[in-house]
Asker: 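Let me give you the structure first, and then I'll get to my questions.
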Amino acid sequence: MNGLGLAQVVCYCRERQEIKADARQWQVLHHIEDCRTQKMGTGNYQCNGCGHHWFWHHSCRDRHCPQCQRQASDAWVNRQQSQRVPASYFHIVFTIPHILNDWVGRHSRTLYGALFHAAWNSLNGLANRKYHGQAGMTAVLHTWGQNLSRHVHLHCLVPAGVLSDKGWKPIHKGYFLPVKLLSNRFRGTMVSELRQAYEQGELSTIEKATLDGTLSHLMSHPWVVYCKSALEYRDTLVSYLARYTYRVGLSNHRLESWKDNQVTLSYFDNKSNKASRLSLEPKELIRRFLLHVLPRGFMRIRHYGYLSNAIKKRSLEKIKRQKHEVKSTSIMIDETPSKSMCRCPSCGESKVVYLGDNNHDAQLRLNSS
């Protein structure tokens, strides 16, 4: 099957009533199925160069849609490029044990929020104690493994330095914090976050005995936090992070074939360290994909410390002044895709004019979720 995409699999399973989903998951599936069809509205375009006229269906702009993330990624890169700290970075990954996957399925917003809080509090607490300053961190939530199984973790980029009232203090080491110490601190903080969430009634489906037993088990086993210097990505750091920020669990290019009720997708096997293939029934593929639908409005990209949105500009100016760097002129880049800058499919020129929507279905376009 040529041009195989997730939307086709969704349509196939929906028509056969093989999908079990809640209201939020159905919303995402409808967006994916309707993306770049007449249901999303159709744009009317004309080339001022050659006079060619054509129509283009709008995208759904859902963050789970495999067709809609390239544009968002490019816009994010443009916005962040001038906001990079002039220092080396560390790539740190915080992962929660799979024993909590069942809780994630029932209370995803609570578990995801606890993961963000535990990771930041652990890292910043130790950084403040060791380096006497505040750390900075950009964290991105991922919930999937290569085979679409549930694998909840945070990808974090941390500048090699802390900021305090005395100024910027760079860290000239091959590591940010001792990994074992950070792992133990993260484990204890995460367990405390979960216990507090239960006391506040946010884990209502979990019994007290189950909670105590699970948390005791977690405390008795070591957790591993991955930490690596990102020196090799210094010049292309923002683009490197964008690969994590706007990736979805399953992209269309990974779907290779659909034959005998088996959809074959490619993935990278970390154990064997080589490319591999996995065949799944369409309904199983959709079931795994739905494991990674985020709660409505949940922020999966967050900035902490001196990189938080409220103080990032002042922090960067302070760091650059101390490093005696000339402040570069900011280039304002419109985050909204410019319809006049797309290229004509006939002559390849960029003298394209957007003439408006072609039909009344355009008003049915849904906001990005």
Asker: Under a single-linkage definition using a 4.5 Å side-chain heavy-atom cutoff for Ile, Leu, Val, Met, Phe, Trp and Tyr, are L154 and L181 assigned to the same hydrophobic cluster?
Answerer: yes
Asker: Restricting to non-hydrogen atoms, name the atom on F90 and the atom on A160 that form the minimum distance, rounded to 0.1 Å.
Answerer: CE1-CB, 3.4 Å
Asker: May I ask whether V152 and V93 are part of the same hydrophobic cluster, defined by side-chain heavy atoms of I, L, V, M, F, W, Y residues being less than 4.5 angstrom apart, directly or through others?
Answerer: no
Asker: Can you confirm whether K318 is buried at NZ, in the sense that more than 12 heavy atoms of other residues, nucleotides or ligands lie under 6.0 Å from that atom?
Answerer: yes
Asker: Kindly say whether G201 contributes a backbone atom to a donor-acceptor pair with the side chain of S204 at under 3.5 angstrom?
Answerer: no
Asker: To the nearest 0.5 Å, how far apart are CG in D62 and SG in C35?
Answerer: 8.5 Å
Asker: Can the ring centroids of W223 and F94 be said to lie less than 6.0 angstrom from one another?
Answerer: no
Asker: Does N309 reach the main-chain N or O of H303 with its side chain, forming a donor-acceptor pair under 3.5 Å?
Answerer: no
Asker: Hey, can you tell me if F116 and F298 have their rings parallel, tilted or perpendicular (30° and 60° cut-offs)?
Answerer: tilted
Asker: Which pairs, with at least one residue in residues 157-174 and sequence neighbours excluded, count as a side-chain hydrogen bond (donor to acceptor under 3.5 Å, both in side chains)?
Answerer: none
Asker: Quick one: does any side-chain atom of R254 pair with a main-chain N or O of L265 as donor and acceptor, under 3.5 Å?
Answerer: no
Asker: Checking T37 side chain against D34 main chain: does a donor-acceptor pair fall under 3.5 Å?
Answerer: yes
Asker: Starting at CG of L218, measure out to CZ of R187 and round the result to the nearest 0.5 Å.
Answerer: 9.0 Å
Asker: Just say parallel, tilted or perpendicular for the rings of H221 and H217, cut-offs at 30° and 60°.
Answerer: tilted
Asker: Test question: given the 4.5 Å side-chain rule for I, L, V, M, F, W and Y, name all other residues clustered with L291, or answer none.
Answerer: none
Asker: Are V104 and V191 connected in a single hydrophobic cluster, I mean Ile/Leu/Val/Met/Phe/Trp/Tyr linked by side-chain heavy atoms less than 4.5 Å apart?
Answerer: yes
Asker: Hey, does the side chain of H292 reach the backbone of L148 with a donor-acceptor pair shorter than 3.5 angstrom?
Answerer: yes
Asker: Is there a side-chain hydrogen bond (donor to acceptor under 3.5 Å, both in side chains) between H151 and H98? Walk through the geometry before answering.
Answerer: CA-CA 7 Å; H151 178 60; H98 289 179; 3.1 Å; yes
Asker: Taking the side chain from Q25 and the backbone from D22, do they hold a donor-acceptor pair closer than 3.5 Å?
Answerer: yes
Asker: Donor-acceptor check, side chain of S183 to backbone of V225, threshold 3.5 angstrom: yes or no?
Answerer: yes
Asker: Tell me, please, whether Y112 has R109 positioned over its six-membered ring: NZ or CZ under 6.0 Å from the ring centre and within 45 degrees of its axis?
Answerer: no
Asker: Between atom OH of Y198 and atom OG1 of T210, what is the distance when rounded to the nearest 0.5 Å?
Answerer: 9.0 Å
Asker: What distance separates S315 OG from K320 NZ, expressed to the nearest 0.5 Å?
Answerer: 11.5 Å
Asker: Any salt bridge between E199 and R195, counting N to O under 4.0 Å?
Answerer: no
Asker: Using the rule that Ile, Leu, Val, Met, Phe, Trp and Tyr join whenever any side-chain heavy atoms are under 4.5 Å apart, tell me whether L294 and I96 fall into a single cluster.
Answerer: yes
Asker: So which heavy atom on N147 is nearest to which on R288, and how close?
Answerer: O-NH1, 2.9 Å
Asker: Treating S216 as the side-chain partner and D212 as the backbone partner, does any N or O pair qualify as donor plus acceptor under 3.5 Å?
Answerer: yes
Asker: Can you tell me how far CG of N44 sits from CD of Q46, rounded to the nearest 0.5 angstrom?
Answerer: 8.0 Å
Asker: Could you state the interatomic distance from CZ (R300) to OG1 (T143), rounded to the nearest 0.5 Å?
Answerer: 7.5 Å
Asker: Is it true that H142 and H155 have ring centroids separated by less than 6.0 Å?
Answerer: yes
Asker: Would a hydrophobic clustering, with Ile, Leu, Val, Met, Phe, Trp and Tyr connected at side-chain separations under 4.5 Å, put W120 with L126?
Answerer: yes
Asker: Please check if the number of heavy atoms outside Q200 that lie under 6.0 Å from its CD is greater than 12.
Answerer: yes
Asker: Given 3.5 Å as the limit, does a donor-acceptor pair link the side chain of N121 with the main chain of H117, or not?
Answerer: yes
Asker: Side chain of Q322, backbone of I319: donor and acceptor closer than 3.5 Å?
Answerer: no
Asker: Apply salt bridge (charged side-chain N to carboxylate O under 4.0 Å, His left out) to R314 and E317, showing your working.
Answerer: CA-CA 5 Å; R314 296 195 303 272; E317 290 176 352; over 6 Å; no
Asker: Would you say that more than 12 heavy atoms from the other residues, nucleotides or ligands in this model lie under 6.0 Å from the CZ of R106, or not?
Answerer: yes
Asker: Might you point out which heavy atoms bring Q67 and R36 nearest each other, and give the distance in Å?
Answerer: O-NH2, 2.9 Å
Asker: Does M299, at its CE atom, have more than 12 non-hydrogen atoms belonging to other residues, nucleotides or ligands within less than 6.0 Å?
Answerer: no
Asker: Can you find a side-chain donor-acceptor pair between T42 and H57 that sits under 3.5 Å?
Answerer: yes
